[in-house]
Structures are given as structure tokens and as C-alpha cells.
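For reference, the structure discussed in these notes is given below.
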Amino acid sequence: MVEYSSPNTNKPLHLGHVRNNLLGYSVSELLKANGAEVFKVNLVNDRGIHICKSMLAWQKWSNGETPESAGIKGDHLVGKYYVIFDKEYKKEIDALKEAGQTEEEAKKNAALIKEAQAMLLAWEHGDPEVKELWSKMNGWVYDGFAVSYKNLGVDFDKYYYESNTYLLGKDTVEEGLAKGVFFKKEDGSVWIDLTEDGLDQKLVLRADGTSVYITQDLGTAQMKYDDYKMDESIYVVGNEQDYHFKVLFLILQKLGKTWATGLHHLSYGMVDLPNGKMKSREGTVVDADDLVKEMIETAKQKTEALGKINDFSEEEKETLYHNIGLGALKYFLLKVEPKKRLLFDPAESIDFQGNTGPFIQYTHARIKSLLTKAGYSAVTTTADLSISKTELEMIMLLAKYPGEIAIAAKGFSPASLANYLYEVAKMFNKFYHEVPPIIKEEDTEMRQLRLNLSAVVANILKAGMRLLGITVPERM
RNA sequence: GCACCCAUAGCUCAGCUGGAUAGAGCAACGGUUUUCUAAACCGUCGGUCACAGGUUCGAAUCCUGUUGGGUGUACCA
């Protein structure tokens with residue numbers, strides 16, 4: 001099982017989510033290619049104080065605005081009110097600070113946050129009005145996410161919702177107490193002592209008996225296992241949660257869950273901008289939808305400038321721009337080792353030349369064009385031919401393809417495969433340039449051999465790129 | 001304080017379980033098209049692999065320490 005994406009339903013997706021989505025999708029495909037049966041799941045964080053903030057702001061300031069009436073994608077509309085909440089909240093904090101309160105006091109005492117907390121409580125008590133608003137706004141967000149996911153080309157076999165799982169885990173806590181893995185403090189809170197493992201004491205249940213994050217995850221892990229009985233489960237989550245997952249997995253092991261040994265945290269680094277981290281509230285985020293749109297637009301401009309596809313229909317053109325734009329974006333994000341942080345400079349748009357997605361796509365298109373012009377059909381050559389150094393090196397490189405998939409799958413890392421595919425494409429271009437025109441080759445055996453080689457390259461590029469979630473065009 | 005991650009060319013990154021003169025792309029400069037797509041190819045320039053020790057016949061790679069950057073360490077998620 002691969003769990004990825006896992007968005008909050010209070011704002012649209014940004015570049016960080018894009019990295020997560022592409023990684024999760026690609027790792028799933030890699031595992032499939034390596035022989036596993038894979039389930040892709042999305043654990044949606046659809047409840048909590050952050051959702052209530054958007055809801056409250058919408059209630060107060062929207063005049064009943066909807067995605068339809070505003071002509072805004074649902075997730076963006078909800079995100080807009082999340083930002084408005086934060087702005088108004090800050091105003092209140094400033095006012096309270098001027099009245100002499102400390103920052104901390106002001107944050108707690110602001111009327112807005114109290115209202116949001118009251119709303120969360122009402123939600124938990126099943127208040128019909130709050131629940132209805134919650135369903136409505138989450139619905140908008142899901143419609144928006146569906147579009148983003150479709151554009152990114154990612155999908156899921158199953159969705160889990162925190163509104164259904166946030167109460168889980170209490171049984172697990174009971175189990176842990178019974179087994180003596182957990183202990184209860186005087187105030188009734190439940191803890192586990194991990195100091196012998198070099199970690200800390202960790203709370204697993206509040207004194208008032210309610211769940212915390214890890215309680216919920218313990219329960220969800222159990223539920224997912226009960227649902228699928230998978231022997232491996234991968235969580236694609238950013239590296240700021242390394243500690244959380246270390247603790248989670250350790251607790252499950254101590255509880256004697258044999259399946260806990262199959263749990264992995266695919267930890268990836270933050271996406272940084274040149275001026276530092278992305279912050280949703282400060283508007284310094286690269287929006288996923290905007291980014292995709294820009295990539296497609298860039299692909300369009302570059303393609304039109306080259307003028308090679310003037311005979312394409314409008315629909316074919318749109319498809320091509322989409323494939324190239326997303327190919328550039330996906331390759332850019334996937335070629336870097338997941339655990340490394342990634343720098344994205346919006347000013348320097350993603351390249352289309354050199355070690356890039358479009359370069360590999362171009363190589364594929366070029367080969368397909370060659371094969372078409374040559375009237376290629378796959379026939380094995382039998383003659384004893386002498387081949388060039390480049391041809392030999394290329395054959396050696398191509399032979400490594402199955403091994404590369406295994407390496408990438410075992411390491412949960414598309415990066416090595418991405419770089420391998422680049423090597424293959426580069427090698428082909430070198431070969432293609434060195435060798436005299438293949439179509440005009442008079443030695444039919446040699447001609448066939450070179451076409452066969454080219455065809456193998458095209459197949460590997462196509463299959464390999466597919467594992468990265470990238471479509472290679474026939475022409476570009 | 002403690003824990004985890006990262007540090008390789010001006011910039012962005014490769015470098016598998018230690019193996020020969022450390023590789024790409026971008027940027028800069030120069031060249032290649034009457035030949036199968038120039039989103040390509042070839043060349044020049046550019047590195048004390050953060051620093052200091054250690055292990056080893058051999059270290060960018062393993063160990064220790066130092067420095068720098070990031071993250072975490074909530075009865076938030």
C-alpha cells in the first residue's frame with residue numbers, strides 16, 4: 001500500500017503537494033513494475049480547526065459566494081476564506097496586543113479563534129448546521145482536487161477520511177495498556193516510554209480520554225491493515241514528520257504487530273523557493289494549478305516557436321502541450337533524490353533542454369519518426385555484424401533497464417530511474433548523430449540492427465517514463 | 001539542550017553495496033544543418049567532493065569530531 005497526497009481540505013494544493021503526489025504515484029508504478037500488487041490510498045484530512053477557520057470566514061464574509069457564482073475552483077475559494085480568516089485573526093491579535101496583552105494571550109483570546117474552536121466542538125457534537133456547511137465546503141474542495149489530480153495524472157484506489165478515523169486508536173491504547181507497553185499517569189493520560197530506544201516519553205491518549213495525532217494513526221494503521229492485509233505499507237510524507245513515524249512504527253512493533261516491520265516512511269525534503277520556505281498564509285506559495293497551467297503555456301510557446309507540428313489538430317496540440325509541460329515539471333521534481341530538499345526558482349522557469357523531461361520525450365519522438373519513415377518491422381538479425389563502440393555501450397546500457405527498475409522500486413526512489421533514462425536518451429542521440437543515415441543504409445542486416453536498437457531505446461524510454469507518470473509523444 | 005537530515009563546478013543535480021584521471025545539465029565561449037526532427041550533437045572553461053582526524057592496499061562513499069544549513073523535539077495535526 002502506498003499512502004500519498006493526504007491533503008487538508010482548507011486550501012488548494014501547492015508545489016509541496018505536487019512533489020508528494022508525483023512521488024507517491026511513481027513509487028506505486030515502480031512497485032507494480034517490480035511485481036507487486038499495489039493499492040494507492042489517500043488519507044484526507046477533512047476535519048479540525050483549520051477547516052473550521054475557512055468555514056467561519058465563509059459564514060461571516062462570503063455573502064453566500066459559491067464556486068459557481070464566483071467562477072473560482074472550489075478548493076481555491078475555500079482557500080481564499082482560510083486566508084481571510086488569518087488576516088482578520090491577525091487584526092484582532094494586534095488590537096488585543098495594543099490593549100496590553102502579550103502575543104500568546106492575544107492569540108488565545110481573540111474572538112475569532114474562540115468562535116472557530118466553538119465551531120469545531122459543534123462539529124464534534126454533530127451540530128446539523130455546522131455539519132451541513134462542512135459537507136458543502138468540503139464538497140467544493142473535492143471537486144477542485146479532482147481537477148488538480150486529473151491534471152497531474154494521479155489517482156487512488158481508496159480514500160480514507162479523518163472524519164471517519166479520528167476516533168480510532170483507543171482500542172489500540174487499551175491493548176497497549178493491557179500488554180504493559182503503555183502506562184497511565186495519575187491524571188489519566190496514557191504514555192509510552194521510549195527512552196531506552198533513544199527517544200522520549202510520548203503521550204498516546206489525553207487525560208480527558210481524547211485522541212491525539214498518534215492515537216489516530218495507530219488506529220488508522222490497524223484499520224488499513226485489516227482492510228488490505230498488505231505486507232508492505234509506505235507513507236509518503238514530508239521529512240518534518242520523521243520523528244512521528246519513527247515513534248509510530250516503534251509503538252506498533254512493541255505492540256507485537258507482526259506487520260509493523262513492513263511499514264516505511266518515504267520521507268521527502270521540503271520544496272524551497274529562492275527566498276526560503278513556502279508559507280500558505282503569507283501567500284509565498286507556488287500554487288499547483290497555476291504551476292501546471294504555466295508549464296503547459298511554456299510548452300505551447302516553445303513548441304510553436306519550433307513550428308514542427310503545424311499539421312496537428314487543435315485537440316492534438318492541446319494534448320501535446322499538456323504532455324510536454326507536465327513532462328518537464330514531473331521530471332524536474334522526480335529526478336532529485338526524495339530525501340533531499342529541492343530548490344524551485346519560479347523566475348528561472350523549468351528547462352526544456354539538457355537533463356529534462358522534454359529532452360527524453362523528444363528523443364522518443366525522434367525515434368518514432370525514424371521508425372515510421374523506415375517502414376520498420378521487428379525482425380531479428382542473424383548476420384555477424386561488427387558494431388561501433390557507441391553501439392556497444394548503448395546495448396550495455398539498455399541491458400541494465402530491468403535492474404534499474406528493481407533498484408528504484410527497492411529504494412522507493414524514482415530519481416535513479418529518471419537519471420538512467422536520461423543516460424539512455426543521451427546515448428541514443430550520440431549514436432544517432434555518429435551513425436550515417438540509417439534509412440539509407442544499404443546493408444539490410446545492419447539497417448535492421450540499427451532500427452532494432454532504436455526501437456528498443458524507444459520502448460525503454462516510453463515504459464520508463466510511464467513509471468514516472470510521464471507520457472512520451474509520438475511526435476513533437 | 002537532545003535527535004534526525006543535508007553539504008560534490010558560478011547555479012541545479014548524478015555518483016549502486018568503498019576501486020583507476022570525480023560526472024551531467026544550465027550559465028559563458030566556440031563549432032556542427034543540401035543527410036533519418038538542431039527541444040539535438042561536438043569542443044573549451046570550470047571542483048582542496050564543507051573542514052579536521054581515523055579505518056583501509058585504496059575514501060566523495062565507512063567511523064569520529066568541527067562548522068554551516070534545514071527539520072523535529074506540543075495533552076496541534
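Each chain gets a letter, A, B and so on, in the order its sequence line appears, and its residues count up from 1.
Computed from coordinates, the A:K53 NZ to B:rC76 C1' distance equals 10 Å when rounded to whole Å. Per the geometry, OH belonging to A:Y432 stands 12 Å off C1' belonging to B:rC41, to the nearest Å. Spacing between atom CD1 of A:I407 and atom C1' of B:rG15 amounts to 13 Å, rounded to whole angstrom units. A straight line from NZ of A:K107 to C1' of B:rA74 spans 14 Å, rounded to a whole angstrom. The CG-P distance, from A:L461 to B:rA40, rounds to 14 Å in whole Å. Atom P of nucleotide B:rA14 and atom CG of A:L342 are separated by 9 Å, given to the nearest angstrom. If you take CG of A:L397 and C1' of B:rG15, they are 15 Å apart, rounded to a whole angstrom. Rounded to an integer number of Å, the gap from NZ of A:K108 to C1' of B:rC76 is 13 Å.
Figure legend: cation-pi geometry between A:K317 and A:F312 absent, as NZ or CZ is not positioned both under 6.0 Å from the six-membered ring centre and within 45° of its axis. Judged by the 6.0 Å distance and 45° axis criteria, A:K158 is positioned over the aromatic ring of A:Y160. Remark: A:K184 is not positioned above the aromatic ring of A:W191, lacking an NZ or CZ atom under 6.0 angstrom from the ring centre and at most 45 degrees off the axis. Cation-pi check for A:R19 over A:Y268 is not met; the charged atom does not lie both under 6.0 angstrom from the ring centroid and within 45 degrees of its normal.
The residue among A:H50 and A:A365 whose nearest nucleotide of RNA chain B is located toward the 5' end is A:A365. Each of A:K339 and A:F431 was matched to the nucleotide of RNA chain B holding its nearest heavy atom; the match closer to the 5' end belongs to A:K339.
Residue-level contact check: A:F359 touches the backbone only, with heavy atoms under 4.0 Å from sugar-phosphate atoms and none from bases. Using a 4.0 Å heavy-atom cutoff across all strands shown, A:Y243 reaches sugar-phosphate atoms only and no base atom. Heavy atoms of A:I49 sit nowhere under 4.0 angstrom from any nucleic acid atom. Residue contacts shown for A:M476 include a base, since a base heavy atom lies under 4.0 Å away. Backbone-only engagement by A:L343 is indicated by non-hydrogen atom pairs under 4.0 Å involving sugar-phosphate atoms exclusively. Among the protein residues, A:E162 comes within range of the sugar-phosphate backbone only, with heavy atoms under 4.0 Å from sugar or phosphate atoms but none that close to a base. The residue A:V435 sits close to a base: some heavy atom pair falls under 4.0 Å. In this structure, A:R366 reaches the bases: a heavy-atom distance under 4.0 Å links it to at least one base atom across the strands shown. Residue-level contact check: A:T303 touches the bases, meaning some heavy atom is under 4.0 Å from a base atom. Here A:A374 lies out of heavy-atom contact (under 4.0 Å) with every strand. In this structure, A:K430 reaches the sugar-phosphate backbone alone: every heavy-atom distance under 4.0 Å involves primed, P, OP1 or OP2 atoms, never a base.
No side-chain N or O of A:Y362 forms a donor-acceptor pair with one of A:Q353 less than 3.5 Å apart. Side-chain N/O atoms of A:Q448 and A:T381 include no donor and acceptor closer than 3.5 Å. Looking at A:Y243 and A:D200, their side chains do bring a donor and an acceptor atom within 3.5 Å of each other. Using modelled atom types and a 3.5 Å distance limit, the side chains of A:N452 and A:Y376 yield a donor-acceptor pair. No donor-acceptor contact under 3.5 angstrom links the side chains of A:N45 and A:Y161, judged on distance only. Using a 3.5 Å distance cut-off with no hydrogens or angles, the side chains of A:T356 and A:D351 do not pair a donor with an acceptor. Using a 3.5 Å distance cut-off with no hydrogens or angles, the side chains of A:E391 and A:S388 do pair a donor with an acceptor.
Ranking B:rG15, B:rA3, B:rU71 by closeness to the A:K246 side chain, first place goes to B:rA3. Closest to the side chain of A:Y362, from the set B:rA38, B:rA77, B:rC36, is B:rA38. Looking at the side chain of A:F352, the nearest of the listed nucleotides B:rA14, B:rU37, B:rA39 is B:rA39. Each of B:rC36, B:rA77, B:rA14 was ranked by its minimum atom distance to the side chain of A:Q241; first place goes to B:rA77.
Checked by distance alone, A:T363 brings no side-chain donor or acceptor within 3.5 Å of a matching partner on the base of B:rA39. Between the side chain of A:K440 and the base of B:rU35, no donor-acceptor pair under 3.5 Å is found.
Taking atom P on both nucleotides, B:rU21 is separated from B:rG58 by 14 Å, rounded to a whole Å. If you take atom P in B:rU71 and the same atom in B:rG10, they sit 26 Å apart, rounded to whole Å. The separation of B:rG65 from B:rC29, taken at their C1' atoms, amounts to 44 Å, rounded to a whole angstrom.
Residues of residues 195-206 of chain A that place a heavy atom closer than 4.0 Å to RNA chain B, in numerical order, are A:D200, A:L203, A:R206.
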Distances for protein N or O near nucleotides 21-25 of chain B N or O, under 3.5 Å:
unit_1, atom_1, unit_2, atom_2, d
B:rA24, O2', A:Y422, OH, 3.0
B:rG25, O2', A:N355, N, 3.4

Dot-bracket for RNA chain B, please. Rules: Watson-Crick or G-U, both distances under 3.5 Å, ( ) within the strand, [ ] when a pair crosses earlier ones, | for another strand, . otherwise. (((((((..((((.....[...)))).(((((.......))))).....(((((..]....))))))))))))....

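Atom NZ of A:K87 is surrounded by 12 or fewer heavy atoms from other residues, nucleotides or ligands within 6.0 Å. Dense packing is recorded around NZ of A:K224, with more than 12 heavy atoms of other residues, nucleotides or ligands lying under 6.0 Å away.
Among A:Q301, A:K300, A:K293, the single residue meeting the side-chain hydrogen bond (donor to acceptor under 3.5 Å, both in side chains) criterion with A:E297 is A:Q301.
A sub-4.0 Å separation between OP1 or OP2 of B:rG70 and a side-chain N or O of A:K340 is absent. In this model, the phosphate group of B:rU37 is approached by a side-chain N or O of A:S369 to a distance below 4.0 Å at OP1 or OP2.
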